[in-house]
Novice: 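Take a look at the following structure, please.
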Protein chains: 2
Amino acid sequence: MTNELKSTEALILDAARTIFIRKGFAASRMQEIADAAGINKSLLHYYFRSKEQLFEAVFSRALENFIPRVKNIIEAELPLDQKISRFVETYIDTLLQNPYLPAFVIHELNMNPGKFAGRLKNAGLKPEIILQNIEEETGREAFLKVRPDHFMVNLLGLVIFPFIARPVVQEVLQKTDEQYKTFLMERKEQIIQFVMNAITKT
Amino acid sequence: MTNELKSTEALILDAARTIFIRKGFAASRMQEIADAAGINKSLLHYYFRSKEQLFEAVFSRALENFIPRVKNIIEAELPLDQKISRFVETYIDTLLQNPYLPAFVIHELNMNPGKFAGRLKNAGLKPEIILQNIEEETGREAFLKVRPDHFMVNLLGLVIFPFIARPVVQEVLQKTDEQYKTFLMERKEQIIQFVMNAITKT
DNA sequence: GTCTATATCGGGATAGAC
DNA sequence: GTCTATCCCGATATAGAC
(Lines give C-alpha, C1' and ligand atoms only; values in the text may rest on other atoms or scores of the structure.)
Protein backbone atom coordinates (compact mmCIF):
# COMPACT_ATOMS: atom_id res chain seq x y z
CA MET A 1 0.00 0.00 0.00
CA THR A 2 2.88 2.34 0.68
CA ASN A 3 4.84 0.68 -2.09
CA GLU A 4 4.88 3.83 -4.18
CA LEU A 5 6.86 5.54 -1.47
CA LYS A 6 9.68 3.03 -1.36
CA SER A 7 12.54 2.90 -3.76
CA THR A 8 12.60 -0.09 -6.07
CA GLU A 9 15.73 -1.33 -4.37
CA ALA A 10 14.04 -1.29 -0.97
CA LEU A 11 11.02 -3.00 -2.47
CA ILE A 12 13.21 -5.77 -3.79
CA LEU A 13 15.11 -6.18 -0.55
CA ASP A 14 11.92 -6.44 1.46
CA ALA A 15 10.42 -9.01 -0.89
CA ALA A 16 13.65 -10.99 -1.07
CA ARG A 17 13.92 -10.98 2.69
CA THR A 18 10.44 -12.42 3.05
CA ILE A 19 10.95 -15.15 0.48
CA PHE A 20 14.50 -16.11 1.43
CA ILE A 21 13.69 -16.26 5.13
CA ARG A 22 10.65 -18.44 4.58
CA LYS A 23 12.13 -20.83 2.03
CA GLY A 24 15.90 -20.58 2.29
CA PHE A 25 18.24 -19.76 -0.55
CA ALA A 26 17.97 -22.97 -2.57
CA ALA A 27 14.17 -23.21 -2.61
CA SER A 28 13.56 -19.54 -3.34
CA ARG A 29 12.78 -18.48 -6.89
CA MET A 30 13.71 -15.19 -8.48
CA GLN A 31 10.28 -15.10 -10.10
CA GLU A 32 8.61 -15.39 -6.74
CA ILE A 33 10.66 -12.55 -5.32
CA ALA A 34 9.82 -10.39 -8.32
CA ASP A 35 6.12 -11.13 -7.89
CA ALA A 36 6.27 -10.32 -4.19
CA ALA A 37 7.99 -7.04 -4.98
CA GLY A 38 5.46 -6.27 -7.72
CA ILE A 39 8.16 -5.79 -10.32
CA ASN A 40 9.79 -7.60 -13.21
CA LYS A 41 12.20 -10.45 -12.83
CA SER A 42 14.96 -8.82 -14.81
CA LEU A 43 14.95 -5.83 -12.50
CA LEU A 44 16.30 -8.08 -9.81
CA HIS A 45 19.35 -8.66 -11.96
CA TYR A 46 19.58 -5.00 -12.82
CA TYR A 47 19.87 -4.11 -9.14
CA PHE A 48 21.67 -7.09 -7.70
CA ARG A 49 23.38 -8.82 -10.59
CA SER A 50 22.72 -12.39 -9.42
CA LYS A 51 20.68 -14.45 -7.01
CA GLU A 52 23.73 -14.99 -4.78
CA GLN A 53 24.38 -11.28 -4.50
CA LEU A 54 20.77 -10.51 -3.72
CA PHE A 55 20.86 -13.15 -1.05
CA GLU A 56 24.10 -11.79 0.33
CA ALA A 57 22.53 -8.36 0.66
CA VAL A 58 19.53 -9.77 2.54
CA PHE A 59 21.66 -11.91 4.79
CA SER A 60 24.07 -9.12 5.68
CA ARG A 61 21.29 -6.74 6.57
CA ALA A 62 19.60 -9.31 8.75
CA LEU A 63 22.79 -9.71 10.76
CA GLU A 64 23.63 -6.03 10.83
CA ASN A 65 20.24 -5.31 12.28
CA PHE A 66 20.44 -7.94 14.90
CA ILE A 67 23.96 -7.91 16.27
CA PRO A 68 23.93 -4.35 17.63
CA ARG A 69 20.95 -5.13 19.84
CA VAL A 70 22.76 -8.01 21.47
CA LYS A 71 25.88 -5.89 21.74
CA ASN A 72 24.05 -3.14 23.59
CA ILE A 73 22.71 -5.41 26.26
CA ILE A 74 25.92 -7.28 26.78
CA GLU A 75 28.00 -4.17 27.13
CA ALA A 76 25.62 -2.47 29.53
CA GLU A 77 26.99 -1.74 32.98
CA LEU A 78 24.60 -3.77 35.04
CA PRO A 79 24.79 -6.41 37.75
CA LEU A 80 24.61 -9.98 36.46
CA ASP A 81 21.00 -10.69 37.34
CA GLN A 82 19.73 -7.56 35.65
CA LYS A 83 21.89 -8.20 32.64
CA ILE A 84 20.45 -11.68 32.27
CA SER A 85 16.92 -10.38 32.59
CA ARG A 86 17.42 -7.68 30.01
CA PHE A 87 19.18 -10.06 27.67
CA VAL A 88 16.40 -12.62 27.77
CA GLU A 89 13.60 -10.08 27.52
CA THR A 90 15.08 -8.05 24.70
CA TYR A 91 16.15 -11.11 22.78
CA ILE A 92 12.75 -12.74 22.96
CA ASP A 93 10.95 -9.53 22.09
CA THR A 94 13.15 -9.13 19.05
CA LEU A 95 12.59 -12.70 17.94
CA LEU A 96 8.84 -12.32 18.36
CA GLN A 97 9.08 -9.60 15.72
CA ASN A 98 11.27 -11.80 13.51
CA PRO A 99 10.24 -15.35 14.35
CA TYR A 100 11.68 -16.94 11.21
CA LEU A 101 15.02 -15.19 11.40
CA PRO A 102 17.00 -17.59 13.60
CA ALA A 103 16.05 -20.70 11.65
CA PHE A 104 16.99 -18.91 8.45
CA VAL A 105 20.38 -17.71 9.67
CA ILE A 106 21.25 -21.01 11.24
CA HIS A 107 20.26 -23.05 8.23
CA GLU A 108 22.24 -20.90 5.82
CA LEU A 109 25.25 -21.02 8.09
CA ASN A 110 24.98 -24.79 8.26
CA MET A 111 24.91 -24.89 4.48
CA ASN A 112 27.93 -22.63 4.27
CA PRO A 113 29.81 -22.52 7.57
CA GLY A 114 32.55 -20.19 6.33
CA LYS A 115 30.01 -17.45 5.65
CA PHE A 116 30.07 -16.34 9.23
CA ALA A 117 33.80 -16.01 9.71
CA GLY A 118 34.73 -12.49 10.61
CA ARG A 119 31.24 -10.99 10.62
CA LEU A 120 31.05 -10.91 14.38
CA LYS A 121 34.23 -8.94 14.73
CA ASN A 122 33.22 -6.60 11.93
CA ALA A 123 30.06 -5.88 13.84
CA GLY A 124 32.10 -5.13 16.93
CA LEU A 125 31.12 -8.17 18.96
CA LYS A 126 34.00 -9.42 21.06
CA PRO A 127 33.29 -12.95 22.28
CA GLU A 128 36.34 -13.08 24.52
CA ILE A 129 35.13 -10.06 26.43
CA ILE A 130 31.63 -11.43 26.85
CA LEU A 131 32.97 -14.70 28.19
CA GLN A 132 35.41 -12.99 30.51
CA ASN A 133 32.57 -10.82 31.71
CA ILE A 134 30.46 -13.82 32.64
CA GLU A 135 33.44 -15.41 34.33
CA GLU A 136 34.01 -12.37 36.52
CA GLU A 137 30.41 -11.77 37.42
CA THR A 138 29.55 -15.30 38.38
CA GLY A 139 31.31 -16.66 41.42
CA ARG A 140 30.79 -13.33 43.15
CA GLU A 141 28.22 -12.37 45.70
CA ALA A 142 25.38 -14.82 45.71
CA PHE A 143 26.24 -16.58 42.45
CA LEU A 144 27.83 -19.89 41.71
CA LYS A 145 30.87 -19.92 39.49
CA VAL A 146 29.96 -21.30 36.09
CA ARG A 147 31.79 -22.26 32.93
CA PRO A 148 31.18 -19.16 30.82
CA ASP A 149 31.10 -21.00 27.49
CA HIS A 150 28.48 -23.45 28.68
CA PHE A 151 26.51 -20.74 30.38
CA MET A 152 26.40 -18.66 27.19
CA VAL A 153 25.18 -21.64 25.17
CA ASN A 154 22.62 -22.52 27.83
CA LEU A 155 21.16 -19.05 27.70
CA LEU A 156 21.07 -18.93 23.91
CA GLY A 157 19.57 -22.39 23.67
CA LEU A 158 16.83 -21.61 26.16
CA VAL A 159 15.88 -18.46 24.27
CA ILE A 160 16.31 -19.43 20.64
CA PHE A 161 15.34 -23.11 20.51
CA PRO A 162 11.54 -22.71 20.67
CA PHE A 163 11.72 -20.30 17.74
CA ILE A 164 13.84 -22.55 15.57
CA ALA A 165 12.03 -25.75 16.41
CA ARG A 166 8.57 -24.25 16.48
CA PRO A 167 6.78 -26.84 14.33
CA VAL A 168 7.96 -29.78 16.41
CA VAL A 169 7.51 -28.09 19.74
CA GLN A 170 4.09 -26.72 18.93
CA GLU A 171 2.98 -30.17 17.83
CA VAL A 172 4.39 -31.85 20.92
CA LEU A 173 2.79 -29.33 23.24
CA GLN A 174 -0.41 -29.35 21.20
CA LYS A 175 -0.78 -25.61 21.20
CA THR A 176 -2.63 -23.38 18.76
CA ASP A 177 -0.76 -20.53 17.09
CA GLU A 178 -2.23 -18.12 19.60
CA GLN A 179 -1.28 -20.30 22.54
CA TYR A 180 2.21 -20.73 21.18
CA LYS A 181 2.71 -16.98 20.99
CA THR A 182 1.61 -16.72 24.61
CA PHE A 183 3.98 -19.54 25.47
CA LEU A 184 6.87 -17.68 23.88
CA MET A 185 6.07 -14.55 25.86
CA GLU A 186 5.83 -16.55 29.08
CA ARG A 187 9.29 -17.85 28.43
CA LYS A 188 10.81 -14.50 29.35
CA GLU A 189 9.80 -14.96 32.94
CA GLN A 190 10.28 -18.73 32.91
CA ILE A 191 13.83 -18.63 31.57
CA ILE A 192 14.91 -15.88 33.94
CA GLN A 193 13.60 -17.84 36.90
CA PHE A 194 15.12 -21.07 35.68
CA VAL A 195 18.54 -19.57 35.06
CA MET A 196 18.63 -17.60 38.28
CA ASN A 197 17.77 -20.71 40.24
CA ALA A 198 20.50 -22.58 38.44
CA ILE A 199 23.26 -20.12 39.31
CA THR A 200 22.20 -18.87 42.73
CA LYS A 201 24.09 -20.22 45.71
CA THR A 202 21.91 -22.28 48.01
CA MET B 1 34.02 -51.03 0.27
CA THR B 2 31.30 -53.34 1.52
CA ASN B 3 29.03 -51.95 -1.14
CA GLU B 4 28.77 -55.25 -2.91
CA LEU B 5 27.07 -56.67 0.14
CA LYS B 6 24.29 -54.12 0.33
CA SER B 7 21.20 -54.17 -1.78
CA THR B 8 20.91 -51.37 -4.30
CA GLU B 9 17.98 -49.96 -2.42
CA ALA B 10 19.98 -49.73 0.79
CA LEU B 11 22.85 -48.19 -1.13
CA ILE B 12 20.56 -45.50 -2.46
CA LEU B 13 18.98 -44.82 0.90
CA ASP B 14 22.36 -44.41 2.58
CA ALA B 15 23.63 -42.08 -0.09
CA ALA B 16 20.41 -40.07 -0.15
CA ARG B 17 20.51 -39.77 3.61
CA THR B 18 24.00 -38.31 3.53
CA ILE B 19 23.26 -35.81 0.79
CA PHE B 20 19.82 -34.75 1.97
CA ILE B 21 20.98 -34.27 5.55
CA ARG B 22 23.97 -32.20 4.54
CA LYS B 23 22.26 -30.01 1.94
CA GLY B 24 18.56 -30.18 2.56
CA PHE B 25 15.93 -31.23 0.04
CA ALA B 26 16.02 -28.22 -2.28
CA ALA B 27 19.80 -28.01 -2.66
CA SER B 28 20.32 -31.76 -3.13
CA ARG B 29 20.77 -33.11 -6.65
CA MET B 30 19.69 -36.53 -7.85
CA GLN B 31 22.96 -36.80 -9.77
CA GLU B 32 24.94 -36.24 -6.60
CA ILE B 33 23.00 -38.93 -4.78
CA ALA B 34 23.53 -41.35 -7.65
CA ASP B 35 27.27 -40.64 -7.61
CA ALA B 36 27.46 -41.12 -3.86
CA ALA B 37 25.66 -44.44 -4.22
CA GLY B 38 27.91 -45.46 -7.09
CA ILE B 39 24.98 -46.14 -9.39
CA ASN B 40 23.13 -44.60 -12.27
CA LYS B 41 20.78 -41.66 -11.92
CA SER B 42 17.83 -43.39 -13.49
CA LEU B 43 18.04 -46.18 -10.96
CA LEU B 44 16.93 -43.67 -8.33
CA HIS B 45 13.69 -43.28 -10.23
CA TYR B 46 13.37 -46.98 -10.75
CA TYR B 47 13.43 -47.55 -7.00
CA PHE B 48 11.77 -44.44 -5.66
CA ARG B 49 9.82 -42.95 -8.53
CA SER B 50 10.61 -39.28 -7.71
CA LYS B 51 12.87 -37.04 -5.67
CA GLU B 52 10.05 -36.28 -3.24
CA GLN B 53 9.41 -39.94 -2.59
CA LEU B 54 13.07 -40.68 -2.08
CA PHE B 55 13.23 -37.81 0.35
CA GLU B 56 10.14 -39.01 2.14
CA ALA B 57 11.72 -42.43 2.61
CA VAL B 58 14.88 -40.90 4.07
CA PHE B 59 12.99 -38.54 6.33
CA SER B 60 10.69 -41.22 7.68
CA ARG B 61 13.53 -43.55 8.50
CA ALA B 62 15.43 -40.80 10.29
CA LEU B 63 12.46 -40.21 12.55
CA GLU B 64 11.63 -43.86 13.02
CA ASN B 65 15.15 -44.48 14.20
CA PHE B 66 15.20 -41.63 16.57
CA ILE B 67 11.85 -41.51 18.30
CA PRO B 68 12.02 -44.94 19.95
CA ARG B 69 15.20 -43.98 21.78
CA VAL B 70 13.56 -40.99 23.32
CA LYS B 71 10.49 -43.04 24.09
CA ASN B 72 12.50 -45.62 25.99
CA ILE B 73 14.07 -43.14 28.31
CA ILE B 74 10.94 -41.20 28.97
CA GLU B 75 8.90 -44.25 29.78
CA ALA B 76 11.50 -45.75 32.10
CA GLU B 77 10.45 -46.15 35.71
CA LEU B 78 13.04 -43.97 37.37
CA PRO B 79 13.09 -41.11 39.85
CA LEU B 80 13.13 -37.68 38.25
CA ASP B 81 16.82 -36.90 38.70
CA GLN B 82 17.93 -40.18 37.17
CA LYS B 83 15.49 -39.81 34.35
CA ILE B 84 16.86 -36.38 33.53
CA SER B 85 20.43 -37.67 33.62
CA ARG B 86 19.68 -40.59 31.37
CA PHE B 87 17.70 -38.43 28.99
CA VAL B 88 20.47 -35.87 28.60
CA GLU B 89 23.24 -38.44 28.31
CA THR B 90 21.51 -40.69 25.84
CA TYR B 91 20.25 -37.82 23.75
CA ILE B 92 23.67 -36.18 23.47
CA ASP B 93 25.37 -39.49 22.73
CA THR B 94 22.89 -40.15 19.95
CA LEU B 95 23.32 -36.69 18.48
CA LEU B 96 27.09 -37.05 18.58
CA GLN B 97 26.61 -39.99 16.22
CA ASN B 98 24.22 -37.96 14.04
CA PRO B 99 25.31 -34.38 14.45
CA TYR B 100 23.57 -33.04 11.33
CA LEU B 101 20.27 -34.77 12.00
CA PRO B 102 18.50 -32.18 14.16
CA ALA B 103 19.26 -29.25 11.86
CA PHE B 104 18.01 -31.32 8.94
CA VAL B 105 14.77 -32.39 10.57
CA ILE B 106 14.04 -28.95 11.92
CA HIS B 107 14.73 -27.21 8.65
CA GLU B 108 12.54 -29.53 6.64
CA LEU B 109 9.76 -29.19 9.17
CA ASN B 110 10.04 -25.43 8.98
CA MET B 111 9.73 -25.67 5.21
CA ASN B 112 6.74 -27.91 5.49
CA PRO B 113 5.18 -27.72 8.95
CA GLY B 114 2.37 -30.13 8.21
CA LYS B 115 4.79 -32.94 7.51
CA PHE B 116 5.10 -33.73 11.16
CA ALA B 117 1.45 -33.98 12.05
CA GLY B 118 0.61 -37.40 13.33
CA ARG B 119 4.09 -38.91 13.12
CA LEU B 120 4.62 -38.68 16.84
CA LYS B 121 1.49 -40.57 17.65
CA ASN B 122 2.25 -43.15 14.99
CA ALA B 123 5.59 -43.73 16.66
CA GLY B 124 3.87 -44.21 19.98
CA LEU B 125 5.00 -41.00 21.66
CA LYS B 126 2.34 -39.57 23.91
CA PRO B 127 3.14 -35.97 24.73
CA GLU B 128 0.31 -35.60 27.23
CA ILE B 129 1.71 -38.44 29.28
CA ILE B 130 5.22 -37.07 29.26
CA LEU B 131 4.01 -33.67 30.40
CA GLN B 132 1.81 -35.16 33.10
CA ASN B 133 4.76 -37.22 34.21
CA ILE B 134 6.94 -34.17 34.66
CA GLU B 135 4.14 -32.41 36.47
CA GLU B 136 3.78 -35.25 38.96
CA GLU B 137 7.45 -35.77 39.59
CA THR B 138 8.40 -32.18 40.14
CA GLY B 139 6.91 -30.52 43.21
CA ARG B 140 7.63 -33.67 45.17
CA GLU B 141 10.41 -34.43 47.55
CA ALA B 142 13.27 -32.01 47.06
CA PHE B 143 12.07 -30.55 43.77
CA LEU B 144 10.41 -27.30 42.87
CA LYS B 145 7.17 -27.45 40.98
CA VAL B 146 7.75 -26.41 37.38
CA ARG B 147 5.62 -25.73 34.33
CA PRO B 148 6.02 -29.02 32.46
CA ASP B 149 5.77 -27.49 28.99
CA HIS B 150 8.49 -24.95 29.70
CA PHE B 151 10.62 -27.51 31.44
CA MET B 152 10.45 -29.87 28.47
CA VAL B 153 11.45 -27.09 26.08
CA ASN B 154 14.26 -25.98 28.38
CA LEU B 155 15.70 -29.46 28.41
CA LEU B 156 15.43 -29.92 24.66
CA GLY B 157 16.89 -26.49 23.98
CA LEU B 158 19.87 -27.06 26.25
CA VAL B 159 20.63 -30.36 24.57
CA ILE B 160 19.86 -29.71 20.92
CA PHE B 161 20.79 -26.08 20.37
CA PRO B 162 24.60 -26.47 20.22
CA PHE B 163 24.15 -29.13 17.53
CA ILE B 164 21.83 -27.06 15.39
CA ALA B 165 23.70 -23.81 15.76
CA ARG B 166 27.14 -25.31 15.64
CA PRO B 167 28.73 -22.93 13.10
CA VAL B 168 27.73 -19.81 15.03
CA VAL B 169 28.50 -21.22 18.44
CA GLN B 170 31.82 -22.66 17.42
CA GLU B 171 32.83 -19.32 15.92
CA VAL B 172 31.70 -17.38 18.96
CA LEU B 173 33.52 -19.68 21.33
CA GLN B 174 36.53 -19.84 19.01
CA LYS B 175 36.91 -23.58 19.31
CA THR B 176 38.53 -26.00 16.90
CA ASP B 177 36.53 -28.99 15.67
CA GLU B 178 38.25 -31.18 18.24
CA GLN B 179 37.56 -28.74 21.05
CA TYR B 180 33.95 -28.43 19.99
CA LYS B 181 33.46 -32.17 20.20
CA THR B 182 34.90 -32.12 23.69
CA PHE B 183 32.61 -29.23 24.52
CA LEU B 184 29.58 -31.22 23.39
CA MET B 185 30.59 -34.14 25.56
CA GLU B 186 31.12 -31.89 28.54
CA ARG B 187 27.62 -30.63 28.13
CA LYS B 188 26.18 -33.87 29.47
CA GLU B 189 27.54 -33.09 32.91
CA GLN B 190 27.03 -29.35 32.58
CA ILE B 191 23.38 -29.57 31.60
CA ILE B 192 22.54 -32.07 34.28
CA GLN B 193 24.11 -29.88 36.94
CA PHE B 194 22.47 -26.76 35.56
CA VAL B 195 19.02 -28.29 35.41
CA MET B 196 19.25 -29.97 38.80
CA ASN B 197 20.27 -26.68 40.39
CA ALA B 198 17.39 -24.98 38.69
CA ILE B 199 14.72 -27.33 40.04
CA THR B 200 16.11 -28.27 43.43
CA LYS B 201 14.52 -26.63 46.45
CA THR B 202 16.95 -24.37 48.31
C1' DG C 1 17.84 -54.51 -12.66
C1' DT C 2 20.97 -51.54 -14.78
C1' DC C 3 22.56 -48.77 -18.31
C1' DT C 4 22.49 -44.87 -22.34
C1' DA C 5 20.01 -41.58 -24.57
C1' DT C 6 16.67 -38.23 -24.64
C1' DA C 7 12.55 -35.57 -23.54
C1' DT C 8 10.88 -31.74 -21.02
C1' DC C 9 10.76 -28.01 -18.23
C1' DG C 10 12.01 -24.63 -14.90
C1' DG C 11 14.81 -21.08 -13.59
C1' DG C 12 18.84 -17.84 -13.68
C1' DA C 13 20.66 -14.65 -16.61
C1' DT C 14 21.13 -11.49 -20.78
C1' DA C 15 19.75 -8.56 -24.97
C1' DG C 16 17.54 -4.97 -26.48
C1' DA C 17 13.38 -1.95 -27.12
C1' DC C 18 11.15 1.73 -24.83
C1' DG D 1 14.93 2.31 -14.90
C1' DT D 2 11.61 -0.83 -16.46
C1' DC D 3 9.68 -3.96 -19.57
C1' DT D 4 9.38 -8.19 -23.18
C1' DA D 5 11.58 -11.72 -25.38
C1' DT D 6 14.93 -15.05 -25.39
C1' DC D 7 18.97 -17.74 -24.35
C1' DC D 8 20.82 -21.66 -22.16
C1' DC D 9 21.97 -24.69 -18.74
C1' DG D 10 20.90 -27.86 -15.20
C1' DA D 11 17.85 -30.96 -13.18
C1' DT D 12 13.94 -34.23 -12.93
C1' DA D 13 12.01 -37.69 -15.24
C1' DT D 14 11.07 -41.20 -18.98
C1' DA D 15 11.99 -44.47 -23.02
C1' DG D 16 14.05 -48.18 -24.45
C1' DA D 17 18.15 -51.26 -25.29
C1' DC D 18 20.68 -54.83 -22.99
Side-chain angles (χ1 to χ4, degrees), chain A residues 1-62 104 107-108 110-112 114-115, chain B residues 1-62 104 107-108 110-112 114-115:
Chain A
M1 39 192 66
T2 60
N3 282 0
E4 297 76 16
L5 304 176
K6 285 188 202 157
S7 71
T8 304
E9 188 173 337
L11 229 51
I12 292 175
L13 279 170
D14 286 355
R17 188 189 144 87
T18 306
I19 305 293
F20 278 139
I21 286 186
R22 280 219 139 83
K23 306 204 163 186
F25 175 78
S28 295
R29 301 289 161 243
M30 293 295 265
Q31 184 62 60
E32 207 178 351
I33 294 171
D35 292 347
I39 51 121
N40 193 278
K41 201 174 49 155
S42 52
L43 265 188
L44 300 179
H45 291 95
Y46 176 79
Y47 279 94
F48 292 94
R49 191 80 193 154
S50 73
K51 187 184 177 186
E52 328 275 338
Q53 287 184 50
L54 175 53
F55 179 82
E56 182 55 33
V58 168
F59 192 80
S60 295
R61 286 170 187 241
F104 167 70
H107 177 249
E108 297 303 335
N110 274 315
M111 293 303 98
N112 197 343
K115 198 178 274 178
Chain B
M1 40 195 65
T2 59
N3 282 359
E4 296 76 19
L5 303 177
K6 286 188 203 155
S7 72
T8 303
E9 188 172 339
L11 230 48
I12 292 174
L13 279 170
D14 287 354
R17 187 190 144 89
T18 307
I19 305 292
F20 278 139
I21 286 186
R22 279 218 139 82
K23 306 204 163 186
F25 174 79
S28 294
R29 301 288 159 242
M30 294 294 264
Q31 183 62 60
E32 206 178 352
I33 294 171
D35 292 346
I39 52 121
N40 193 278
K41 206 175 41 158
S42 53
L43 264 189
L44 300 180
H45 291 95
Y46 177 79
Y47 279 94
F48 293 94
R49 192 80 194 149
S50 73
K51 186 183 175 185
E52 328 274 338
Q53 287 184 49
L54 175 53
F55 179 82
E56 182 54 32
V58 169
F59 192 81
S60 295
R61 285 170 187 241
F104 167 70
H107 178 249
E108 297 304 335
N110 273 315
M111 293 303 100
N112 197 342
K115 197 177 277 179

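Since the structure is predicted, the reported quantities are computational estimates derived from the model, not experimental observations. Letters A, B, ... are given to chains in the order of the sequence lines, protein chains preceding strands, and every chain is numbered from 1. The figures that follow rest on heavy atoms only: side chains count, while hydrogens, waters and symmetry mates do not.
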Novice: Give the residues of residues 46-57 of chain B touching DNA chain C, defined as any heavy atom closer than 4.0 Å, sorted by residue number.
Specialist: Tyr46(B), Tyr47(B)
Novice: Mind listing the residues from residues 12-30 of chain A sitting with a heavy atom below 4.0 Å of DNA chain C? Number order is fine.
Specialist: Ser28(A), Arg29(A), Met30(A)
Novice: What residues, two or more places apart in sequence or in another chain, satisfy salt bridge (Lys or Arg N to Asp or Glu O under 4.0 Å) together with Glu56(A)?
Specialist: Arg119(A)
Novice: Take the C1' atoms of the five end pairs on each side of the helix from dG1(C)-dC18(D) to dC18(C)-dG1(D), get both axes, and report the angle to 10 degrees.
Specialist: 0°
Novice: Under the salt bridge (Lys or Arg N to Asp or Glu O under 4.0 Å) test, which residues partner Lys23(A), sequence neighbours left out?
Specialist: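 Salt bridge (Lys or Arg N to Asp or Glu O under 4.0 Å) list for Lys23(A), sorted by chain: Glu32(A).
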Novice: Among residues at least two apart in sequence or on other chains, which ones pass salt bridge (Lys or Arg N to Asp or Glu O under 4.0 Å) with Asp35(B)?
Specialist: none
Novice: Walking along DNA chain D from 5' to 3', note the first and the last nucleotide with an atom under 4.0 Å from a heavy atom of chain B, and give both.
Specialist: dA11(D) to dT14(D)
Novice: Side chain to side chain donor-acceptor pair (under 3.5 Å) with Ser50(B): which residues, sequence neighbours excluded?
Specialist: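 So Ser50(B) forms no side chain to side chain donor-acceptor pair (under 3.5 Å) with any residue.
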Novice: Rounding to an integer number of Å, can you tell me how far Gln31(B) CD sits from dT4(C) C1'?
Specialist: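 After rounding, the gap between these two atoms is 13 Å.
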Novice: Can you list everything that forms a side chain to side chain donor-acceptor pair (under 3.5 Å) with Asn112(A)? Sequence neighbours excluded, please.
Specialist: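 Testing Asn112(A) for side chain to side chain donor-acceptor pair (under 3.5 Å), a comparison that skips the adjacent residues, returns none.
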Novice: Quick one: list whatever passes side chain to side chain donor-acceptor pair (under 3.5 Å) with Arg61(A), sequence neighbours left out.
Specialist: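 Residues passing side chain to side chain donor-acceptor pair (under 3.5 Å) with Arg61(A): none at all.
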Novice: Can you name the residues that form a ring-ring contact (aromatic ring centres under 6.0 Å, His included) with Phe55(B), not counting sequence neighbours?
Specialist: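 Partners of Phe55(B) under the ring-ring contact (aromatic ring centres under 6.0 Å, His included) test: Phe20(B), Phe25(B), Phe59(B), Phe104(B).
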Novice: Are any of the side-chain heavy atoms of Met30(A) and His45(A) separated by less than 4.5 Å?
Specialist: yes
Novice: Backbone N or O of Ile12(A) within a donor-acceptor pair of the Lys6(A) side chain at under 3.5 Å?
Specialist: no
Novice: Is any side-chain heavy atom of Leu54(B) less than 4.5 Å from a side-chain heavy atom of Ile33(B)?
Specialist: yes
Novice: Establish whether the base of dG11(C) is bridged to the side chain of Lys41(A) by a donor-acceptor pair shorter than 3.5 Å.
Specialist: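 Check fails, no donor-acceptor contact within cut-off.
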Novice: Please check: side-chain N/O of Lys115(A) versus main-chain N/O of Asn110(A), any donor-acceptor pairing under 3.5 Å?
Specialist: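 Flag not set: sc Lys115(A) to bb Asn110(A) has no pair under 3.5 Å.
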Novice: Name the nucleic acid region contacted by Ser42(B), choosing base, sugar-phosphate or nothing; use a 4.0 angstrom heavy-atom cut-off, strictly under.
Specialist: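 The residue Ser42(B) makes base contact.
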Novice: Could you list the residues that satisfy ring-ring contact (aromatic ring centres under 6.0 Å, His included) with Phe48(A), not counting sequence neighbours?
Specialist: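 With sequence neighbours excluded, Phe48(A) shows a ring-ring contact (aromatic ring centres under 6.0 Å, His included) to no residue whatsoever.
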Novice: Expressed as a whole number of angstroms, how long is the span from His45(B):NE2 to dA7(C):C1'?
Specialist: 13 Å
Novice: Quick one, Leu44(B) and Ile39(B) - any side-chain contact, counting heavy atoms below 4.5 Å?
Specialist: yes
